Amino acid sequence: MNNYRMTPILKLNDNFEVSMNKIRLRFAPSPTGYLHIGGARTALFNWLLAKKLKGVFILRIEDTDVARSTQESVDAILQGMEWLGLDWDEGPFYQSDNFPLYKEYVQKLLDEGKAYRCYCTAEELEAKRERAMKEGRKPKYDGTCRNLTVADAGRPSVVRFRAPEEGVTAFNDLIKGPISFNNEELDDLIIERSDGTPTYNFVVVIDDASMGISMVIRGDDHINNTPRQILLYEALGKAVPQFAHVPMILGSDKTRLSKRHGATSVMAYRDMGFLPEAMVNYLVRLGWSFGDEEIFSREDLIEKFSIEAVGKSAGVFNPDKLLWLNAHYIKNGDPERLAGLLVPFLNERGVDPDAGPSLPAVVKTLQERARTMIEMADGALFYFREDYEFDEAAAEKFLTPESSILLAELKIRLSALESFDAETIGAAFKQLCTDMGVKLPQVAQPARVALTGKTAAPGIFEVVETLGKKVTLTRLDRAVAVAKNLPVH
RNA sequence: GGUCCCAUCGUCUAGUGGUUAGGACACCGGCCUUUCACGUCGGUAACAGGGGUUCAAGUCCCCUUGGGAUCACCA
């Protein structure tokens with residue numbers, strides 16, 4: 001156990017402690033793709049804990065794999081973080097900027113005899129590994145070069161860390177609990193490639209140590225790397241951080257979440273009309289809970305989140321629940337803000353958002369019937385198109401000669417209204433029903449088809465109000481003309 | 001195959017020895033209603049299996065089974 005040198009736990013009501021021991025957390029994605037669901041959740045957990053404990057959140061780009069890292073990926077990750085509202089206090093730092101530092105530490109380990117040069121070729125190693133696997137033995141490095149006494153500067157070589165051959169390496173994972181490994185299971189990992197670049201397990205340790213990271217929250221696929229890293233911290237004489245390994249996210253078939261299960265990029269969800277607060281709320285609840293609560297504002301989360309309450313087991317990504325949360329946030333969102341978010345979706349549909357009713361007013365009528373901004377945009381189309389088609393079945397049922405009489409009368413009454421708010425409009429509808437001896441649906445449905453072209457739409461009084469008097473009357477005229485020409489049945 | 005991790009409704013989860021095993025999504029039904037939704041009320045549905053420990057086990061221990069991760073000159 002490494003508890004004896006645990007980072008001091010933050011005491012919130014002890015200002016001295018806080019200033020002396022600010023917890024330092026980091027998110028360290030490798031820029032080989034966009035920010036995906038799993039990474040976003042890891043970033044979120046780090047961010048939340050940093051906020052909660054008034055610590056420091058650092059963004060570090062792990063681009064030691066020069067071949068696979070791209071600037072586009074860096075930009076995509078940054079964009080994803082920004083969309084989710086996960087800001088960082090320090091960084092972004094790039095590992096590729098630290099190559100000299102890594103070099104220095106490799107040399108230090110070499111000088112101290114804690115690392116050695118290995119001249120085995122990749123091919124030889126691969127062959128040995130395959131043979132070991134086939135014979136059912138551990139495919140670990142056999143130590144061929146471990147005790148070489150003379151260096152051969154001429155031959156290409158890698159640098160290996162000299163790991164202890166016995167003993168136990170253990171740590172107390174904040175999520176999983178105590179985890180331990182027999183050192184004999186670990187082999188001498190390569191810390192510097194033959195081309196002189198450092199490898200991941202070495203670089204993370206140097207970076208986390210030099211950045212003073214006190215707690216590492218990352219995916220549980222790193223559990224098996226942890227003992228090697230701890231050994232490196234020890235060899236380097238650095239303090240070992242605390243670890244918290246978050247379980248991974250699965251697809252509906254319980255295999256690792258991938259494109260097969262749908263979108264995995266967080267930005268794809270923005271494009272599908274999801275709100276960032278819904279995404280944050282969903283992601284945090286996938287693996288973490290706080291009693292029976294489901295809805296959490298950002299402030300709630302900062303107050304209530306704790307890493308110890310994160311569950312140990314992998315979770316299935318459930319798009320339905322995300323959708324439900326999104327619907328919730330749309331329903332309760334500020335119409336002005338939603339209107340702004342809706343614009344690109346309307347543009348995509350060839351609609352000019354300025355050439356129609358006030359957007360916030362449109363949004364208000366759609367908030368409780370749209371689960372995504374796409375649904376909202378689709379539902380809003382009729383407000384902006386004067387040439388809308390009448391749904392065939394709807395027209396046949398509701399735009400009849402009989403209803404044309406009601407619609408014509410409705411037009412007269414609406415045109416006479418002084419104020420044009422939903423309440424007044426509703427009263428006019430009801431008065432019309434009374435006077436003509438019909439039920440409200442007998443007027444409301446034809447009116448709905450007349451004004452929207454469909455049978456499914458927001459409340460008819462709101463639609464009339466939102467459309468405004470002029471447009472309403474024009475549309476009513478058009479519908480009456482159609483209704484008169486449809487056959488009686 | 002070695003090592004490591006995990007295991008409560010279909011899914012996300014509450015539960016820290018004594019509960020009619022709770023909530024949420026989804027699903028089904030009632031109500032509300034100008035359509036569609038929203039809302040609301042109710043329902044179906046779970047402790048993987050086997051051994052222990054204990055007066056008492058979803059909760060503690062062991063085994064089995066099942067799932068997953070990892071074993072690179074990727075990160």
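The figures that follow rest on heavy atoms only: side chains count, while hydrogens, waters and symmetry mates do not. Bear in mind the structure is a predicted one, so any value in this text is a computation, not a measurement. Letters A, B, ... are given to chains in the order of the sequence lines, protein chains preceding strands, and every chain is numbered from 1.
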Parallel, tilted or perpendicular, as decided by the 30° and 60° cut-offs, for the rings of F274(A) and Y269(A): perpendicular
U44(B) and C60(B), which share atom name P, separated by this distance in whole Å: 29 Å
Watson-Crick or G-U counterpart of U35(B), or none if no pair lies under 3.5 Å: none
G-U wobble or Watson-Crick pairing nucleotide for U53(B) (cut-off 3.5 Å, both distances): none
For U59(B), the Watson-Crick or wobble counterpart (both distances under 3.5 Å): none
Sugar-phosphate, base or nothing in reach of T32(A), heavy atoms under 4.0 Å: nothing
Partner nucleotide, any strand, of U65(B) [Watson-Crick/G-U, under 3.5 Å]: A7(B)
Watson-Crick or G-U counterpart of U40(B), or none if no pair lies under 3.5 Å: G30(B)
Ion pair check, D435(A) and R413(A), cut-off under 4.0 Å: yes
Nearest-Å distance once atom P is located in both G58(B) and G67(B): 26 Å
Between D253(A) and H261(A): side-chain donor-acceptor atoms closer than 3.5 Å: yes
Donor/acceptor link under 3.5 angstrom from R369(A) side chain onto base of C36(B): yes
Heavy-atom donor-acceptor pair, S194(A) side-chain to C73(B) base, under 3.5 Å: yes
Nearest-nucleotide comparison on RNA chain B, the residue closer to the 5′ end among I460(A) and S157(A): I460(A)
Sugar-phosphate only, base, or nothing, as touched by H222(A) at under 4.0 Å among non-hydrogen atoms: base
Whole-Å C1' distance, C9(B) and A26(B): 12 Å
Pairing partner of G1(B) (Watson-Crick or G-U wobble, both distances under 3.5 Å): C71(B)
More than 12 heavy atoms of other groups within 6.0 Å of K364(A) NZ: no
Donor-acceptor pair (no angle test) under 3.5 Å: E293(A) side chain, G23(B) base: no
Nucleotide nearest V316(A) (side chain, heavy atoms from C-beta), chosen from G22(B), A26(B), U11(B): U11(B)
